[in-house]
Amino acid sequence: MHENDISYTFTDTVRKKFIELGFPKATSGQLSKIILPFKVDQVEKKVVARCDNFFYLEQIIKPYQEEIHDIVKKCWGDNFIFEIDNNNEIIDNINPIEVSQPKSNPENKSVEQELHEEETQISKYTFKNFICGESNVDALNACQYITKNAGKFAEPLFIYGQTGVGKTHLLHAIGHELFSKNKNIRIIYVSIHDFINEVIHKGIRLGKMEDVRKKYKLCDVLLVDDMQSLEKKKVCQAEFFHIINAVLQRKKQIILTSNTAPKDFKYIDTRLKSRFLQGVILEINLPTKDDRIAIIQGKLHNIRLNISKEMVDFIASNLKTNVREIEGALNDILFKSVALKNSSKAKENIVHVLKQRLPDVSTLQAKKQNLKFLQKIVCQYFDIEISVLKSTARNKNLTLARHIAIYIAKERLQFKTCEIATAFERKHHKLVSYAVRKVNTLLNTNNEIKQHIELCMSQYEG
Ligand code: ADP
Ligand code: MG
């Protein structure tokens, strides 16, 4: 088949797939046009589509990448992969393939009207869906201020807080809000993992560092997620430093998030750290009980689930971790079709769902594996062997690693003392209580300890 025909079959199949997935016909046509293959690389076996539209990329194309990938395989062959290029670089010697566009299906509404409605419906990570409480009010206000004063406020904003408290949500909300006001604005949202990969693979391996730099330096708004993972990555830190300098020099906005406060970054270039410290730094705390109640009520409203106040209070009292966890529990409750009335049966069902999420009901086996996994993470972090971690050997680094692993297991993951002792091959519990006491004392005086714990936790939680 001629390349044009294959590409046509591809876009048409994608269009049908999106209709099947529940998107309106006009939108599906529009989406299939957006991922029109820009190049088909027969040597590297990849089909590349371009998308510079923040909304489509983050909210529609990325979540359905697997479906699109399957269609690529059907059209070009099993060894082909699908790639999105959201970079405005000029690729030499490649002519975009011209494909006759699938006809969009005109309905009463205009495509723009429909797309707008679609954006509003699908975008989960918007300001409208972000529930404000004591724990996040400062960060939310700052983000909203930035979107209202786009172009006027060019200090970097750094938001930090534990995992699942809404940092990514806020970054996306900024992106959406700015994009809805100005469709030409160049917004880049990137998780630092993707940035690191880009620098290593594209910049270093393929020798296209200038392209990487150019892409970032020319943006109007740079949203970077999960900054903690830039620690210990020297080359990428240097690139990032130059990029943010260039962006700030152009008086463009940078918003960064991280699981740790910038002052606690240890393995990061001091120039970079001082850049972060120059801007506005805000923390999102774990939600208070009132916040959790407000979040649960808001989420229940969104998913149209109706449960009694007493039950809301019960969930809020039991799920004390982060918002992601609360969302998960509410989804369980919804999907398991728990009875919605304020009957004793409904309560039983909700208790059942919650119990599955609370640590003390995990099976012993799963717990053992979790402990092993935690030990592995801590060993990787401190660069030591598991056998040494469990041994009685001592030196400063090793003892600290052992104490931190035990502290996390006991205080953060709520393992029982005897389980931890067994995992560390100890017959008695002395080591566990000593390690917890020791870390608690260190936490009062030494900021680094908190950072070690947060970084290990963030890797443990993935
Ligand atoms: P983080 O990036 O801090 O790890 P996320 O932004 O991924 O956390 O949030 C985890 C989940 O919790 C997301 O689905 C997000 O929409 C939701 N969430 C977090 N905080 C709030 C909030 N205040 N209101 C509504 N949803 C929230
Ligand atoms: Mg996040």
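Just so it is clear, the values below take in all heavy atoms, side chains as well, and ignore hydrogens, waters and symmetry mates. Counting starts at 1 for both ligands and their atoms, following the listed order. Because the structure is predicted, anything quoted here is derived from the model rather than measured.
- Ring geometry, Tyr460 versus Phe373: the interplanar angle falls from 30° to 60°, so the pair is classed tilted.
- Below 3.5 Å of separation, one finds no N or O of Cys132 facing any N or O of ligand 1.
- For the pair Lys232 and Tyr267, the cation sits on the ring face: its NZ or CZ lies under 6.0 Å from the ring centre, inside 45° of the axis.
- Of all atoms in ligand 1, numbered sequentially from 1 with element shown, those under 4.0 Å from a heavy atom of Tyr125 are 13 (C), 14 (O), 15 (C), 16 (O).
- Remark: ligand 1 atoms within the under-4.0 Å shell around heavy atoms of Thr163 are 4 (O).
- Remark: ligand 1 and Val165 share an N or O pair separated by less than 3.5 Å (distance only, no angle test).
- Per-residue contacts place Gly166 under 4.0 angstrom from the following atoms of ligand 1 (heavy atoms of the residue considered): 1 (P), 3 (O), 5 (P), 6 (O), 8 (O), 9 (O), 19 (C), 20 (N).
- Residue side and main chain included, Thr163 places no N/O/S atom under 2.8 Å of the Mg ion (ligand 2).
- Those atoms of ligand 1 that come under 4.0 Å of a heavy atom in Asn136, given as number and element, are 23 (N).
- For NZ of Lys289, the number of neighbouring non-hydrogen atoms (other residues, nucleotides, ligands) closer than 6.0 Å is greater than 12.
- By the 30° and 60° cut-offs, the orientation of the rings of Phe276 relative to Phe158 is tilted.
- With a 6.0 Å cutoff to the six-membered ring centre and a 45° limit on the axis angle, Lys16 does not count as a cation-pi contact of Phe18.
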